[in-house]
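Here is the structure we will look at.
Here the structure is a predicted model, which means the values were calculated and not measured. Chain identifiers are assigned alphabetically (A, B, ...) following the order of the sequence lines, protein sequences preceding nucleic acid strands; residue numbering begins at 1 within each chain.
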Amino acid sequence: MTTSTEPQAGQFILDAVAEDLKSGRFKYVRTRLPPEPNGYMHIGHVKAWWIDYNTAKAYGGELYLRFDDTNPAKEETEYVEAIKEDTKWLGIQWAKETYASDYFDRLYEWAVRLVKKGLAYVDDQSPDEVSATRGTLTEPGSNSPFRGRPVEENLDLLERMKKGEFPEGSRVLRAKIDMAHPNIVMRDPVMYRILHALHHRTGDKWNIYPMYDWSHGQNDSMEGITHSLCSQEYIIHRPLYEWFLEQLGEFKTRQIEFSRLNLTHAMMSKRKVRKLVETGIVKGWDDPRLTTLRGLRRRGVNPEAILEFVRAVGETKNDSWVDMSLFEAYIRDDLNLRSLRRMAVLRPIKLVIDNYPEDRVEEMEAVNNPEDSSAGMRKIPFSKVLYIEQDDFRETPPPKYFRLFPGNEVRLRYAYFVKCTGVVKDPATGVATEVHCTYDPATCGGDAPDGRKVKSTIHWVSARHAVKAEVRLYEQLFTAEQPDEGEGIDQVINPNSLEVLSGCMLEPLLADVRPGDKFQFERNGYFCADPDGQPGKPVFNRTVTLRDTWAKIEKGAKKDGKA
RNA sequence: UGGGGAUUCGUCUAGUGGUAGGACAGCAGACUCUGGAUCUGUAUGCCGAGGUUCGAAUCCUCGAUCCCCAGCCA
């Protein structure tokens, strides 16, 4: 999969911005990345971040990081820091860090301006009354009895709301637009609500806080943002966005909407992810099964892979569900090029080489990364008793199985050809405990001087040199493609989403790893050292498996057998 | 007859009046000291019906389906 030569997927926003520059509507490009600091960011956000970042970068513009902290009840500084950290990790750079709360004073002045123009009023109705008079999707709303309030009275009331003279819910400031507007957003939307809450930055200074609609566009304008890029659900807010700036006579940012990213077998709803964390279905916001950025990072996914993936998905207005396998392809692509190869036996069984000297140890030369010659070579100890994967031996081989079975010869990677001579079983259970074989000393290094071939090469770890480790295997968290749909999350949880293997045997070099170190365990997949590991007792997470043609053949055979 | 958005292989996405292309997934094969990687080949698609045109995914008309909106959330 090449990247830069691929035709660019969806770029209607890039095109629109180019037109704006050409027409002179804007002389420069400035976008903003507007997270609400109320939770951890997930891969769905990355699409938006990338579009904001890429659009600015494409035209020599800049990106502001603006925290949308207009609701003190939900927002916390902790999340601000987490979001900044995640953004940096992704490699997205911002020119300026701002907060919606930076503009509370100016925004209030602008509100006063609208009140003076007779375009906003204080409504004394209760929330229920406001809701009841809004009308429905098909029926118009009705005017508030306070709609005709004189300007002076509105000004006085607004000032006293600000000072904190009224209880929460008792009054709001509303824009005076049209209660019969076919677009519900335009039916006298609430601009300020009373909230006697402590704000993470402004403390107790304010008793009224702006709604999204009243804050966001005005902040965009104040910051000279040229393009306010957001997801489709804001399309219907655009008339209001434009109405405010028009009435105010301020700098007019252009809002452009794109469709958000949906990934199959993943959970993007913040509320539902929170539930997964709280009920203990996952172990935290950084659980490697989650598509939160912290989860992906711990899982071992590189930021470059995430960015390449969202770039490939592109920017369109189509509702879409991107298949997880596309994301995995980008993860593999990235990891394949940069991961050091190591040998690790996940489900070990002993392989005894009967004709190999008891105390002999050889150092075998191995390639670190066939995709990158600069990664060099390493040595791996080899001896009489090895561990191999249980799956690499079958007493009675299925069709097309080329690994170890009695009488068959295979190559031990970087070592010798060995021929299987038999298997030792536990007399009580009948379970295989040891595979036996003989080796051909002439095949040292892995090639036969007589030119004979083997159909399979298997990996191994010397038993007396092996490092024991825990390895965590992950599968998709959900069995359903769209677990967000409907209720009953418990029903679509994949019971096999985590499998912990405790007796894994690794080559000696793997004893000393730091959390975040990534490797390809040959023939098994890509793995990343987890922070739970101790020196000498590593813990690895499986990021993603290798493409497994054999698994496919076996699965196909099973299906045919049944049919 | 509430308003607004969308519809191209299984999935995502190019194409904007001139041979429907790419990626992932699938299938078949080559190669291989990873059944990995790489390479080759291959099947599958314009929501529907009319119309305009020498020619329509693209323009027009009518229809279908899906998504969003009735927070003092963002």
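Proximity note for A:W550 (side chain, C-beta onward) versus B:G36, B:C73, B:G35: the nearest is B:G35. Which of B:U13, B:C73, B:A70 sits closest to the side chain of A:N318 comes down to B:U13. Residue A:Y330 has its side chain nearest to B:A23 when only B:A23, B:C72, B:C69 are considered. Of the candidate nucleotides B:G2, B:C73, B:G35, B:G2 has the atom lying nearest to any side-chain atom of A:T138. The A:I236 side chain lies nearest to B:G3 when the options are B:G71, B:G3, B:A25.
Remark: the A:R403 side chain and the B:G35 base include a donor-acceptor N/O pair separated by less than 3.5 Å. With hydrogens and angles left out, the side chain of A:E257 and the base of B:G4 share no donor-acceptor pair within 3.5 Å.
In this structure, A:M186 reaches neither bases nor backbone, as no heavy-atom distance under 4.0 Å exists between it and the strands shown. As judged by a 4.0 angstrom heavy-atom cut-off over every strand, A:N38 is placed among residues making no nucleic acid contact. As judged by a 4.0 angstrom heavy-atom cut-off over every strand, A:F402 is placed among the base-contacting residues. Base engagement by A:K400 is indicated by at least one non-hydrogen atom pair under 4.0 Å involving a base atom. Base contact: A:R411 has a heavy atom under 4.0 Å from a base atom. Among the atoms of the strands shown, only primed sugar atoms or phosphate atoms (P, OP1, OP2) are found under 4.0 Å from some heavy atom of A:I235. Across all strands, A:T70 comes closer than 4.0 Å only to sugar-phosphate atoms, never to a base (heavy-atom distances). Counting any heavy atom pair closer than 4.0 Å across all strands shown, A:P370 reaches a base atom. Heavy atoms of A:R187 sit nowhere under 4.0 angstrom from any nucleic acid atom. The residue A:E371 sits close to a base: some heavy atom pair falls under 4.0 Å. Residue contacts for A:L412: at a heavy-atom cut-off of 4.0 Å it reaches no nucleic acid atom on any strand shown. When heavy atoms are screened at a 4.0 angstrom cut-off, A:Y401 is found touching base atoms of the nucleic acid. Note on A:S325: only backbone sugar-phosphate atoms sit closer than 4.0 angstrom, heavy atoms only; bases stay farther off.
Stacking is not found between A:Y212 and the pyrimidine-like six-membered ring of the B:A74 base under the 5.5 Å centre-distance and 30° plane-angle cut-offs.
A donor-acceptor pair under 3.5 Å links the side-chain atoms of A:D548 to the main chain of A:A551, judged by distance alone.
Note on ring orientation: taking the six-membered ring where Trp is involved, the planes of A:H42 and A:H45 are tilted (angle from 30° to 60°).
Geometrically, A:R149 does not engage A:Y121 in a cation-pi contact, judged by NZ or CZ lying under 6.0 Å from the ring centre and within 45° of the ring axis. For the pair A:R332 and A:Y526, the cation-pi criterion (under 6.0 Å, within 45° of the ring axis) is not fulfilled.
A salt bridge links A:R147 with A:D188: at least one charged nitrogen is closer than 4.0 Å to a carboxylate oxygen.
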